[in-house]
2 protein chains.
Amino acid sequence: MTVKAQFDHTNCEGCPIRHRAVCAHCDTDELEELEGIKYYRSFEAGQTIIWSGDQMSFVGSVVSGIASLTQTMEDGRTQMVGLLLPSDFVGRPGRETAPYDVQATTDVVMCCFRKKPFEDLMNSTPHIAHRLLQMTLDELDAAREWMLVLGRKTAREKIASLLSIIARRDASVSQKAQSGPIVFDLPLTREAMADYLGLTLETVSRQISALKRDSVILLEGKRHVTIPDMARLMDEAGDDSDGGFLV
Amino acid sequence: MTVKAQFDHTNCEGCPIRHRAVCAHCDTDELEELEGIKYYRSFEAGQTIIWSGDQMSFVGSVVSGIASLTQTMEDGRTQMVGLLLPSDFVGRPGRETAPYDVQATTDVVMCCFRKKPFEDLMNSTPHIAHRLLQMTLDELDAAREWMLVLGRKTAREKIASLLSIIARRDASVSQKAQSGPIVFDLPLTREAMADYLGLTLETVSRQISALKRDSVILLEGKRHVTIPDMARLMDEAGDDSDGGFLV
DNA sequence: GTTTCCACTTGATCTCTGTCAAAGTCGCTA
DNA sequence: TAGCGACTTTGACAGAGATCAAGTGGAAAC
């Protein structure tokens, strides 16, 4: 099996289940079918992976790095509408054109599938369709959770919400216990955070400074964050439940 | 066929394709299987159809009226995260509990399916799963479109965006031509509009008055709206594309 | 007919966040 | 080591929208 040789299983350490379901080298059942329709692509930070309105020629998963979905108005106001972390899926089976820009926020490696063969595979393999439905429902929940953040939360609550999402996501990927301080590096610039939160970068900076002053977070440099008390942060975020929303 | 007799096709005039795909009396292929798992329920305006966190015992479509998906914070701030118009689907196959409240905004009639049998049907009928995936992708697009509204638009643009969505939705349901003035009744109170837009009801009222003063809309009474020039309204909404987003 | 109630409007004021501007930090290159 | 440039912080001020508070209008109830 050339595919197996080319994309060895070791490429995919820690590959989570969301990825596994649609990724050739993690789902050995599908290796035969996927031969030749799968390939890797790399993108540099800042590069646009897909332009809004473009024909989409592939679907795929983020293997490493962070990509974002953004919408831009004529006058330049932009809103990030989704954050794609490793294992997240990109693409709309059944759709011709992309509804928003996909941008590489950091350097990104994607595991791509040519769209048409992937769709054929999906049509003939019910469990892929089901998996995709579950993933889409997860994304829909995350989008709606985020609507509450955008529509009703204060700047401070917005920042706390974003930090707790990143922290939780980070913690779950690295399988750490949830107790004790959480440490991570912010993968986003202040501007990217602002675009995600519907704020300006100045407000983001001010609120991060305020959270630091109030010891809700500790900062080393500009990006290295320690959260001494996750419950405190969640409280600042105004989350009623401890509920796991997923981005 | 008792189902056919009970829920005659005439119940479903104008039943759009999104409903048809999952509704017994519109999709004759499935009549046999759906016998006994389908039923109608009525809700009064203001009633909560499903509480966030509840076990979901059914899925279904809105037949008439308007329902909304809302999230509420501990202190009472609420954000509407989805508007369900006739033909829209409610429910998450594969999920146990509801992620947000579903409320009847007006009197609502729903066409419900018991959840477990519906899931079985979905698992054995690929085209239902595919249809559901398409519908979920549509909702996801709409949610993300709305994130731009919530995060980056001014109060005036928000109102214009909401009016143009309702107008377009109304126009497409009633199959009217898109040219010429569009007339409809607002199905939402000012407060519901505020909850959808992330504003206060006072701001909603002020902006509606302003749009009226500027002749972007005409108002008869408090709810009856005429839009003399749809392009003008879309311009006020700040929409770059004339793109059809779907709620 | 008039009372009551509810949805809505309008006004005055306040405050949070945006805007504009300047200065600080850090890493990289020459 | 200095200097450049990208990113970030901080300050002063302004403005959009929130808050608080009356007041209006129309339909249902008495």
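Numbers restart at 1 for each chain; the letters A, B, ... are given by sequence-line order, proteins then strands. As the structure is a prediction and not an experimental result, all values here were calculated from the model.
When atom types are taken as modelled, the side chain of B/Thr106 and the backbone of B/Ile66 share a donor-acceptor pair closer than 3.5 angstrom. A/Asp107 places a side-chain N or O within 3.5 Å of a backbone atom of A/Ala45 that can act as its donor or acceptor partner. The closest donor-acceptor contact from the side chain of B/Arg168 to the backbone of B/Leu163 lies at 3.5 Å or more, if one exists at all. Using a distance-only test at 3.5 Å, with no hydrogens or angles considered, no donor-acceptor pair links the side chain of A/Asp141 to the main chain of A/Asp138.
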Q. With the sugar-phosphate defined as primed atoms, P, OP1 and OP2, and the base as all remaining atoms, what B/S/- string results for nucleotides 9-22 of chain D, 5' to 3', for protein heavy atoms under 4.0 Å?
A. BBBB----SSBB--
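Distance, A/Arg223 CZ to D/dA6 P: 15 Å, rounded to whole Å. Rounded to an integer number of Å, the gap from A/Asp185 CG to D/dT8 C1' is 16 Å. Here the P atom of nucleotide C/dA7 and the CG atom of B/Leu186 are 15 Å apart, to the nearest Å. Between A/Asp195 atom CG and D/dT8 atom C1' the separation is 16 Å, expressed in whole Å. If you measure from atom NZ of A/Lys158 to atom P of C/dC16, you get 14 Å, rounded to the nearest angstrom. Distance CG (B/Leu211) to P (C/dT9): 12 Å, rounded to an integer number of Å. Between the NE2 atom of B/His224 and the P atom of D/dA27 there is a distance of 14 Å, rounded to whole Å. Between the CD atom of B/Glu220 and the P atom of D/dG26 there is a distance of 13 Å, rounded to whole Å.
Contacts between residues 100-109 of chain A and DNA chain D, counted as heavy-atom distances below 4.0 Å, involve no residue at all.
Taking all atoms of both residues into account, the shortest heavy-atom contact from B/Gly91 to B/Val59 is CA-CG1, 3.9 Å.
Heavy atoms from other residues, nucleotides or ligands lying under 6.0 Å from CD of B/Glu191 number 12 at most.
Only one option out of B/Glu139, B/Gln71, B/Gln79 pairs with A/Arg144 in a side chain to side chain donor-acceptor pair (under 3.5 Å); it is B/Glu139. Partner of B/Ser68 under the side chain to side chain donor-acceptor pair (under 3.5 Å) criterion, chosen from B/Thr105, B/Asp101, B/Asp195, B/Thr78: B/Thr105.
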Q | Worked check of salt bridge (Lys or Arg N to Asp or Glu O under 4.0 Å) between A/Glu202 and A/Arg206 | A | CA-CA 6 Å; A/Glu202 293 94 333; A/Arg206 272 186 253 274; 5.9 Å; no
